[in-house]
Enquirer: 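Below is a structure I'd like to ask you about.
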Number of protein chains: 2
Amino acid sequence: MDDGGNAGRPARSQRADARRNKEALLDAAAAVFVASGVEAPVRDIAAKAGVGVGTIYRHFPTRADLIVAVYRHQVESCAEAGPALLASSPTPHAALARWIDLFVDFLVTKHGLAAVLQSDSAGFETLHAYFLDRLVPVCTRLLDAAAAAGEIRSDVAALELMRGVGNLCIGADKDPDYDARRLAGLLITGLRRTE
Amino acid sequence: MDDGGNAGRPARSQRADARRNKEALLDAAAAVFVASGVEAPVRDIAAKAGVGVGTIYRHFPTRADLIVAVYRHQVESCAEAGPALLASSPTPHAALARWIDLFVDFLVTKHGLAAVLQSDSAGFETLHAYFLDRLVPVCTRLLDAAAAAGEIRSDVAALELMRGVGNLCIGADKDPDYDARRLAGLLITGLRRTE
DNA sequence: TAGCAAACGGAACAAAGTTCCCCTTGGTCG
DNA sequence: CGACCAAGGGGAACTTTGTTCCGTTTGCTA
């Protein structure tokens, strides 16, 4: 159990140099992810942070944990945007469409994140689980609202939809002719109740 | 170049042991792919075929070439099914939907193939290119027919759609709750012209 | 049957994640 | 103020996997 969740409060249990290095690692990782993508070698991140690889693993048991830590607050923003959109959009379906756009934009701008999200390479369950735990409930609420309003069919689960949209984002950053947002939009359109 | 160094002679002739090994490799690869997925280690395939790894690389310059060779005839079948469906379906849109189903079924039953298809790891461009070269024209024809019949919007390119559908298939074999076919169907439904 | 180029096997090399272990050091206690 | 020691750090080493290299074997032909 790590106390990484105590934002703002100084963790007495951690030595000063440890906290400093953890901070440096998060910064370095963010920079390297932007420059070389989420799949950048661990050694590159260690080098950029000026620490040894062992130090990375001391703070983040696996690569995936580092990725989660780097993007945690952006995922949080996305999650929080759900209810807000529901309140401010003309219809639940519109809110859903906009929220999915947010999600797609987030994934696409993080080179390779979508690909790694669904990867079943050992260690990435953490990453997968975190995203899903945080975002699926939000998506469920949007879907339920739209279904309750009779706008969409109600036989598609949030988890399935999120995975589908996530998959659509894979490789979207490599090919300018591939518009993940549009395809995701098609998916949401296809959700509409056929009357 | 086909085979180097055959001055003047129609060197169609491969040595008998070479042909035998190539055959054994294709069989072994097919078996291993079914058992362990497309991402199975090259060494496993070599072992199963009873040859050294060097022999694999003699026949197939890269892993991707082996994969292409193993699935070539199935891709061929899929490609040929396109025009047939167009002729036998009530509408072009129905033909498109059915053809996409075929494509999805093909991908999903090959563990990990979809994932590897979009992977940009060195060497897989071959695989990507082969699939696209063969199937995109077929998809284009179906899309054009449906667009000409006024059934769908005409601003989505076959390449984009195929990539989207391919992406939707990623990981579909790992999770029984994830129905790639249904999601792909949603995508095709979303293509319908909104009137 | 001898000779040779084609084919083979598998050791060796190159990335990449992860683990291990010995050394350094921050913070506390005498 | 200095000694102590566990937390922390560094990076070599281990593992896995694709790919290359090269000495050896072997099918074919003359």
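Any value given below was found using the heavy atoms of this structure, including those in side chains, with hydrogens, waters and symmetry copies removed. Every chain is numbered from 1 and lettered A, B, ... according to where its sequence line falls, protein lines coming before strand lines.
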Enquirer: Within the 4.0 Å heavy-atom criterion, would you say A:A40 contacts the bases, only the backbone, or no part of the nucleic acid?
Expert: sugar-phosphate
Enquirer: Provide, to the nearest angstrom, the distance between the CZ atom belonging to B:R43 and the P atom belonging to C:dG9.
Expert: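 In whole Å, C:dG9 P lies 15 Å from B:R43 CZ.
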Enquirer: Tell me if the NZ atom of B:K110 is crowded by more than 12 foreign heavy atoms within 6.0 Å.
Expert: yes
Enquirer: Rounding to a whole Å, what distance do you find between B:R58:CZ and C:dG10:P?
Expert: 15 Å
Enquirer: Using a cut-off of strictly less than 4.0 Å, decide whether A:T62 has a side-chain nitrogen or oxygen near OP1 or OP2 of C:dT18.
Expert: yes
Enquirer: Given D:dG8, is OP1 or OP2 found less than 4.0 Å from the side-chain N or O atoms of A:T55?
Expert: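 No, A:T55 has no side-chain N/O under 4.0 Å of OP1/OP2 on D:dG8.
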Enquirer: Spell out yes or no: do the side chain of B:R15 and the base of C:dA6 have one donor N/O and one acceptor N/O closer than 3.5 Å?
Expert: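 Looking at the base of C:dA6, it does pair with a donor or acceptor on the side chain of B:R15 (distance under 3.5 Å).
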Enquirer: Rounded to whole Å, please give me the gap between NZ in A:K22 and P in D:dG9.
Expert: 11 Å
Enquirer: Let me know the distance between CZ of A:R19 and P of C:dG27, rounded to the nearest Å.
Expert: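 Atom-to-atom, A:R19 to C:dG27, this comes out as 8 Å.
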Enquirer: Taking for each residue the nucleotide of DNA chain C with the nearest heavy atom, is it A:P41 or B:V53 whose nucleotide lies nearer the 5' end?
Expert: B:V53
Enquirer: If hydrophobic clusters are built from ILVMFWY residues whose side chains come within less than 4.5 Å, do B:L102 and B:L161 share one?
Expert: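 Hydrophobic grouping puts B:L102 with B:L161.
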Enquirer: Calculate the interatomic distance between B:I45 atom CD1 and D:dT16 atom C1'; express it in whole Å.
Expert: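 Rounded to whole Å, this separation is 15 Å.
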Enquirer: Drop me the distance from A:R134's CZ to A:E76's CD, to the nearest 0.5 angstrom.
Expert: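 It comes to 4.0 Å.
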Enquirer: Please determine, for the side chain of B:Y57, which listed nucleotide (C:dA16, D:dG18, C:dA11) has the closest atom?
Expert: D:dG18
Enquirer: Answer yes or no: does a side-chain N or O of A:H59 lie under 4.0 Å from OP1 or OP2 of D:dG9?
Expert: yes
Enquirer: Between B:T109 (side chain) and B:F106 (backbone), is there a donor-acceptor pair under 3.5 Å?
Expert: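 Between the backbone of B:F106 and the side chain of B:T109 there is a qualifying donor-acceptor contact (under 3.5 Å).
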Enquirer: Which nucleotide in the set C:dC8, D:dG8, D:dG10 lies at the smallest distance from any side-chain heavy atom of A:A18?
Expert: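 Nearest to the side chain of A:A18 among the choices is D:dG8.
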Enquirer: Mapping B:D17 and B:G54 onto DNA chain D by nearest heavy atom, which one lands closer to the 5' end?
Expert: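 The residue whose closest nucleotide sits nearer the 5' end is B:G54.
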Enquirer: Please report the distance, rounded to the nearest Å, between CD in A:Q14 and C1' in D:dA6.
Expert: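 So the two atoms are 15 Å apart, to the nearest Å.
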Enquirer: Checking contacts here: which listed nucleotide (D:dG8, C:dT18, C:dG27) is nearest the side-chain heavy atoms of A:A16?
Expert: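 Out of D:dG8, C:dT18, C:dG27, the nucleotide with an atom closest to A:A16's side chain is C:dG27.
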Enquirer: Taking A:W99 for its side chain and A:A79 for its backbone only, find out whether a donor-acceptor pair lies under 3.5 Å.
Expert: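 No.
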Enquirer: Measure the distance from CZ on A:F60 to P on C:dT18 and round it to the nearest whole Å.
Expert: 14 Å
Enquirer: Remember a base hit wins even if backbone is also touched, and classify A:V51 as base, sugar-phosphate or nothing at under 4.0 Å, heavy atoms.
Expert: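 Counting heavy atoms under 4.0 Å across all strands, the contact made by A:V51 is with sugar-phosphate only.
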Enquirer: Between B:R63 (CZ) and D:dT17 (C1'), how many Å, whole number?
Expert: 9 Å
Enquirer: Is there a side-chain contact between A:N21 and the phosphate of D:dG8, meaning an N or O under 4.0 Å from OP1 or OP2?
Expert: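 So the side chain of A:N21 is outside the cut-off, no N or O lying under 4.0 Å from OP1 or OP2 of D:dG8.
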